[in-house]
Amino acid sequence: MSETVVFTPGERRVFRRKERITTSQWAERHRVVTNGPMTGRWRNEVTPYLRGPMDTICEPFVRRIILMFAPQTGKTQVAFNFISHMIDQDPGPMMYVMPDEKVTKRIARRRIIPMFRGTPRIAELLGPGVSDTTTLAVQFQNGCDFMMAWATSAAEISSESIKYLIRDELDKFPDFSGKEADPLALTEIRTNAYPYTKKIIDMSTPADESGYIGRVVETEADELRRYHVRCPLCQATQVMHFGQFAWPKACHDPREIVRKRLAEYQCEACGMLWDDHKRDLAVRSGFWQAENPVDRPQVVAFHLPSWYSPFVSLSSVVAAYLRGLEDPSKLMIYVTQHKAEVWKETVLPKKESGVLERKTSLPGGVVPSAAIALTAGIDVQKEGFWFVVRAWAEDLTSWLVQYGYLMSFPDVETLLYQTRYPIEGGGATMGIWRAGMDTGGGLTDDNEWTRTEEIYQWIRRQQPGRVYGTKGATHRQLQRIRVTMIDKLPRSKKPIPGGLELRLLDTDQFKGLLHWRLERKEGETQRFFLHGDTGIDYAKQLLAEELCRDRRGKVYWKKIRKDNHMIDCECIAAACADSEWLPSLKMLAAWLKDKKTPGGQAHAKRRTISGGVD
Ligand SMILES: [Zn+2]
C-alpha cells in the first residue's frame, strides 16, 4: 500500500465532499445572516416562501428563475443563499449585476462581503487578499470567481464566460436606446458557454410598464407560480388576495389602522379572520403552485405580494391601499410595493363636453362657500401671462374661479395683491393665498432665457410668501414637488444675492392627478369643478395633451393641440395646494379651525400664512 496522502488545508477545501442538497437545505446548515431583521443562523421557517425559489433553481432542468416580489419579503436572500451554496458546492464564474455603480458598491460593501465573512463555510475559502471591503471581485481559494457589476459596465467588465448570473433590481436598470442591445441581452450572452448548466436569477420589485420584470415574466417564463397558504383553522388552501382583507368600514384613517392593528384577513373557505400571527402560520404551511404548469420548465417565475411577508403587517397593507384611494402616486406605491404588480398608467379619454359637465351654477369670479383658500397658476408667454385662479376646500375639492390672459407684470401684481373675489352667500371676500409662476428656465431659445431672467428678478421684488417661481422637472421625480435654490441668473450668470427658491414640479404627475380628479365622483374627495361661465376654449386647452406610450411602454404626455396653457396653469395652481408644498393647504385648514376656536394661538401669524381670508 502506498503511504498516506496528506492534503494541505487548501486541498482539503478543494476536494471537500459535495453534499447532494438543495440551496434551502444548504442555507439551513451553513448560512449566517449578518444584517437585516433576522441576524444569526438562516432558518427557512422565517420566510417559508423563499424555499420554493431556492430549490427550484437547483433543479437540473431549470436555467433561470424570475422573482417579482414586493419589497421586505427577503427575496435578495434567495440569491445570497444560492451564490453561497454554489461557491461552496459547485464553484464557477459568477456575476452579480445591479442597476448602477453606486448601489453595486453599496451592496458589495454592506451586504455581500459581510455575508461571505460571516458564513464560516464561505469565509474559510476567502483568500487573505479580501481585506478591502469595497472589492467588486473576489477569487475564492477553490477557484470560484465572483464579480459584481452594474448594468452599463457588465458588458465590458470581463470577456470571460459566466455560469451563474444574478440580476438584482431589474426594474431600475437604465433604458437602453438606439443601437445598443438591452442590458439583459448583453449580460445573458455571457452565459452561452454553459448552455446546460448555467443558472440565472432575475429579481425585482415591479415599477411601471417601462421596467423589465413584468415583461420577462410575461414573455420569457414557462410558468408563473403563486404562493398558496393553508388556513390554520380549516386547513383550506388558497392564494391570498387583497379582496379578502377586512377592517372596520368606518375607519378611513391609515394611521389609525396601523396604530390599532385593525386589519385582518378572511379565509375564503371558512370565513374566519386571521390576525398577523395566524397569517404567519398560514404562510408557514403554504406552497408554490403554477397557474399553468408545464413539464420540466426551464424558466420559472414567482410572484409574491407584500402580505405574505412576516415583516409586513396586514394593517400596513390596508393603510397603503387607503392612501392610494386619495392620491394616484400613492396608489402606484400600493400596486408596485404591495401587490407587486406592474403599474399601468391609465387616463380615460375625455371629451370637451365631458369636461364642461364639471360646471357648477356659480358664475365666474365667485368663491364657493366651502372653499378655504385660493391659489393661482401663471404660465408666462413671450408677451403676457395665462392664468387660472382656483378655490380649494379642505379635502382638496376645487373650483375654477377665474381664467384668462394678463398683458403685463403690473396686471399680475393687481391679481395677486388687489383682487378680492366675493364669497358665495354673504359679503365676505377672498384674495389669492398662494401663486406659482412658471419661470420656463432651461429653454435654449435665446428670448426665452431673457424672459426667465426677467421673471426671476420680478419674483425677487415681490412680497415674500405670495408668489413663487416654478419649473417643470426634466426627469420623473419621486416627489411631485422639490424645492431647489438658484444662486445665479441662468444666462448672464450674475449672482443672485441670497438666492432664489424655485419649485421643481413633476408636471407629468400633476397632469395625471388632474385627470384623476376629473374622474372623481359624488361622495369622493378631491373633485374638480369649473365655474358656470367656463367656455369650450378652456376645455380644449385642458385636453390639449394626451397620455401616450412609447415602444418600451413608458408613458408620456403628448401635445395634440398647440394651446395647452390651461393645463400648465392648472398644474401650477394644484401644486400650490398640494400636500407636498409646505405649509400645505391642509395645514392652513387646521390653522383656520384653530383660529375659530376661542383662545386659538394662530391669530398672530395671520399675515404670514393667510392670503387674506376675511
Ligand atoms: Zn379557513
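As the structure lists them, so they are numbered: ligands from 1, and atoms in each ligand from 1. For reference, positions follow the sequence shown, starting with 1.
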Side chain to side chain donor-acceptor pair (under 3.5 Å): pairs with one or both residues in residues 270-282, sequence neighbours excluded: Arg261-Asp276

Which of the protein's N, O or S atoms come within less than 2.8 Å of the Zn ion (ligand 1), not counting waters? Cys231 SG, Cys234 SG, Cys267 SG, Cys270 SG

Residue pairs passing the salt bridge (Lys or Arg N to Asp or Glu O under 4.0 Å) test where at least one lies in residues 325-339, sequence neighbours excluded: Glu326-Arg520, Asp327-Arg480, Lys339-Glu341

Pair His515 + Trp557: ring centers closer than 6.0 Å: yes

Would you list the atom pairs, donor with acceptor, under 3.5 Å between side chains in residues 263-270 and any protein atom, with sequence neighbours excluded?
residue	atom	partner	partner atom	Å
Tyr265	OH	His241	N	2.8
Tyr265	OH	His241	O	3.4
Gln266	NE2	Gly271	O	3.1

Salt-bridge contact Lys511-Glu570 (side-chain N to carboxylate O under 4.0 Å): no

In Å, rounded to the nearest 0.5 Å, how long is the span from CH2 of Trp392 to CH2 of Trp399? 10.0 Å

